[in-house]
Amino acid sequence: MTAHQRQLSASIDPVKLDRLAEVAVKVGLRLQPGQDLLLTAPAVAMPLVRRIAEHAYKAGAGIVTPFFSDEEVTLARYRYANDASFDRAATWLYEGMAKAFGANTARLAIVGDNPMLLSGEDPAKVARASKANSIAYQPALEKIVNFDTNWNIIAYPSASWAKQVFADDAEDVAVAKLADAIFSASRVDQDGAVAAWERHNAKLRERTEWLNGQRFHALKYSGPGMDLTIGLADGHEWEGGASTAKNGIVCNANIPTEEVFTTPHCRRVSGHVVSSKPLSYQGTLIDNIAVRFEEGRIVEARASRGEEVLNKVLDTDEGARRLGEVALVPHSSPISKSGLLFFNTLFDENAASHIALGQCYSKCFVNGDRLTPQQIAEQGGNKSLIHIDWMIGSAHTDIDGIHADGRSVPVFRQGEWA
């Protein structure tokens, strides 16, 4: 670590950083004695990685194996690599990850890279590299989306990310502000963080139990720029907060999280909707997304900024124009109240109700761990190389649950639980 990096690291409260590491291991992963841990992180997140390793080994971890990324190495590829490089990916690495997850290795991802890192690079190369990586990542991704093992995502306040969120502040001030925002959203800004997560999970569980008891056939969204009906998959199941992976471990996949979510029916979505917040996607800010669905498929798509990138995403494969997730988040969520745009889906998706293009989660079906891919597809689950969340909820959003017999039940009014 350079002297400058040490100076920036000093802007981050070490006590709260240690709490975040503890919560990641004890709440996010519920790491079990003897279980291995595979960890990915930006190189600048080393202070957090070291604390996670310490807490993991104290919890009885077998082996903690970290993999690091670096922004300058990433940029070097776009500046100096030959053209064929952008159609390649480290298939061997992802195959190894899939093998590890299949052998009960836990998965922890730390996000923190500059979300606009690739904003100045050739969009065509970015799209090609992304597609190649998505294809190569499939063996590992399937283990994650099918919840074969316990996994978790948390965040570290890198300087490059902090300057995107707090552009008008000096670098050290921006880092301190982003760190405080991450700690607050992750519920580690005070003592008793593990207990705080237990209480929060209990509240989310109340929501999912009510929704699962209703067994809605569809959700009807109304509001400015929004007239949308999202059919729900046959045998869908709502999830939120802590979930049980196929290996029997109860974990929180995302920290922070404010959502309850399930699988929509990929062939029963109709109407139109406009995004309520910008989507930061691989260096491009896609703003004012407006789409129209027919029979589950996006047939029209526009954006005031980033439309070319949006259309490239939608052309990834057949499933990219269909929905794989629908999530409910109240407008009063702590992340929404912060008023910040984090440029990172882990946080921004927890500021508003949202939908996701692409791959569904098999976990969001009754007895999903026993369903075959064909059965999931027959029940309305979507398959795709992508899974991209974008926000559609606001303080003006009304949502009704529609039963199969046409009865309507208020779910959200003016952006809040009804």
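Since this is a predicted model, take the numbers as computed values, not measurements. Atoms considered below: every heavy atom in the structure, side chains included; atoms not considered: hydrogens, waters and symmetry mates.
A search for side-chain hydrogen bond (donor to acceptor under 3.5 Å, both in side chains) contacts involving Asp315 returns Arg321, not counting sequence neighbours. Looking at residues two or more places apart in sequence or on another chain, you find a side-chain hydrogen bond (donor to acceptor under 3.5 Å, both in side chains) between Arg77 and Ser85.
Taking the six-membered ring where the residue is Trp, Tyr78 and Phe86 present tilted rings, their angle falling between 30° and 60°. In this structure, Phe147 and Trp151 have tilted ring planes: the angle between them lies in the 30° to 60° band.
No side-chain heavy atom of Val291 sits less than 4.5 Å from a side-chain heavy atom of Glu300. The shortest distance between side-chain heavy atoms of Asp36 and Thr65 does not fall below 4.5 Å. Residues Val313 and Tyr281 are in side-chain contact: their nearest non-hydrogen atoms beyond the backbone lie under 4.5 Å apart. The shortest distance between side-chain heavy atoms of Pro256 and Ser186 falls below 4.5 Å. Within the 4.5 Å cutoff, side-chain heavy atoms of Met391 are placed close to those of Ser276. Side-chain atoms of Trp417 and Val260, non-hydrogen and from C-beta on, do get closer than 4.5 Å to each other.
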Under the side chain to side chain contact (heavy atoms under 4.5 Å, CB included) criterion, do Leu219 and Thr229 qualify, and how do the steps go? CA-CA 6 Å; Leu219 297 177; Thr229 299; over 6 Å; no

With salt bridge (Lys or Arg N to Asp or Glu O under 4.0 Å) as the criterion, how do Lys58 and Glu54 come out once you've worked through the C-alpha distance, each side chain's angles and the decisive distance to 0.1 Å? CA-CA 6 Å; Lys58 285 179 178 177; Glu54 180 180 330; 3.0 Å; yes

Run Asn104 and Gln32 through side chain to side chain donor-acceptor pair (under 3.5 Å) and show every step you take. CA-CA 10 Å; Asn104 199 42; Gln32 301 298 298; over 6 Å; no

Walk me through whether Val309 and Asn311 qualify under side chain to side chain contact (heavy atoms under 4.5 Å, CB included). CA-CA 5 Å; Val309 172; Asn311 282 310; over 6 Å; no

Go through the steps for Asp18 and His55 under the test side chain to side chain donor-acceptor pair (under 3.5 Å), then give the verdict. CA-CA 9 Å; Asp18 191 70; His55 283 285; 3.1 Å; yes

What's the verdict on side chain to side chain donor-acceptor pair (under 3.5 Å) for Asp400 and Tyr221, showing C-alpha distance, side-chain angles and the deciding distance? CA-CA 7 Å; Asp400 290 288; Tyr221 291 70; over 6 Å; no

Go through Leu211 and Phe216 one step at a time and tell me if the side chain to side chain contact (heavy atoms under 4.5 Å, CB included) criterion holds. CA-CA 8 Å; Leu211 288 162; Phe216 290 126; 4.1 Å; yes

Does the pair Phe343 and Trp161 meet the rule for a ring-ring contact (aromatic ring centres under 6.0 Å, His included), with working shown? CA-CA 8 Å; Phe343 297 87; Trp161 179 19; 9.3 Å; no

Leu20 and Lys16: side chain to side chain contact (heavy atoms under 4.5 Å, CB included), yes or no, with the steps? CA-CA 6 Å; Leu20 181 59; Lys16 294 175 183 176; over 6 Å; no

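Within a 6.0 Å radius of CZ in Arg267, more than 12 heavy atoms belonging to other residues, nucleotides or ligands are found. Other residues, nucleotides and ligands contribute more than 12 heavy atoms inside 6.0 Å of the CD atom of Gln414. No more than 12 heavy atoms of other residues, nucleotides or ligands shown are found within 6.0 angstrom of CD1 on Ile63. Surrounding CZ of Arg88 are at most 12 heavy atoms belonging to other residues, nucleotides or ligands under 6.0 Å away. Other residues, nucleotides and ligands contribute at most 12 non-hydrogen atoms within 6.0 Å of the NE2 atom of His396.
Judged by distance alone, the side chain of Thr208 and the main-chain N or O of Gly240 form no donor-acceptor pair under 3.5 Å. The main-chain N or O of Ile386 is found under 3.5 Å from a side-chain atom of Ser384 such that the two form a donor-acceptor pair. With hydrogens and angles ignored, the 3.5 Å screen pairs no side-chain donor or acceptor of Glu239 with any backbone N or O of Phe261. The main-chain N or O of Ile135 is never found under 3.5 Å from a side-chain atom of Gln138 such that the two would form a donor-acceptor pair. Listed for the Asn212 side chain is a donor-acceptor partner under 3.5 Å among the backbone atoms of Trp238. In this structure, the side chain of Ser270 does not engage the main chain of Glu295 through any donor-acceptor pair within 3.5 Å. Looking only at distances, no side-chain donor or acceptor of Asn252 sits under 3.5 Å from a matching main-chain atom of Asn254. Listed for the Asn201 side chain is a donor-acceptor partner under 3.5 Å among the backbone atoms of Trp197. Remark: side-chain polar atoms of Tyr57 are paired, donor with acceptor, to backbone N or O of Val64 under 3.5 angstrom. A side-chain donor-acceptor contact under 3.5 Å links Ser275 to the backbone of Ile289.
With no hydrogens or angles considered, no side-chain donor-acceptor pair links Glu349 and Thr345 at under 3.5 Å. There is no side-chain donor-acceptor pair under 3.5 Å between Tyr361 and Asn146. Side-chain N/O atoms of Glu378 and Gln374 include a donor and acceptor closer than 3.5 Å. Between the side chains of Asn114 and Ser160, no donor-acceptor pair is found at a separation under 3.5 Å. Under the 3.5 Å distance criterion, with hydrogens and angles disregarded, a donor-acceptor pair is assigned to the side chains of Arg107 and Thr40. When only modelled atom types and interatomic distance are considered, His354 and Asp348 share no side-chain donor-acceptor pair under 3.5 Å. With no hydrogens or angles considered, no side-chain donor-acceptor pair links Glu237 and Asn367 at under 3.5 Å. Using a 3.5 Å distance cut-off with no hydrogens or angles, the side chains of Glu325 and His387 do pair a donor with an acceptor.
A salt bridge links Asp87 to Arg128: at least one charged side-chain nitrogen sits closer than 4.0 Å to a carboxylate oxygen. Ion pairing between a basic and an acidic side chain is recognised when a charged N comes within 4.0 Å of a carboxylate O; Asp148 and Lys246 show such pairing. Salt-bridge annotation for Asp227 and Arg292: absent, with no side-chain N of the basic residue lying under 4.0 Å from a carboxylate O of the acidic one. With salt bridges taken as basic N to acidic carboxylate O contacts below 4.0 Å, none links Arg305 and Glu307. Here Arg187 pairs with Glu258 in a salt bridge; the nearest charged N to carboxylate O distance falls below 4.0 Å. Salt-bridge formation is detected for the pair Lys177/Asp169: a Lys NZ or Arg NE/NH1/NH2 atom is positioned less than 4.0 Å from an Asp or Glu carboxylate oxygen. Between Asp317 and Arg322 there is no salt bridge, since no side-chain nitrogen of the basic residue lies less than 4.0 Å from a carboxylate oxygen of the acidic one. Looking at Asp369 and Lys363, no side-chain N of the basic residue comes within less than 4.0 Å of a carboxylate O on the acidic one, giving no salt bridge.
With values rounded to the nearest 0.5 angstrom, Gln359 atom CD is found 10.5 Å from Cys266 atom SG. For the atom pair CD1 of Ile52 and OH of Tyr156, the computed distance is 11.0 Å after rounding to the nearest 0.5 Å. Note that the OG atom of Ser11 and the CG atom of Leu178 stand 11.5 Å from one another [nearest 0.5 Å].
Partner of Ser130 under the side-chain hydrogen bond (donor to acceptor under 3.5 Å, both in side chains) criterion, chosen from Gln282, Lys125, Lys312: Gln282.
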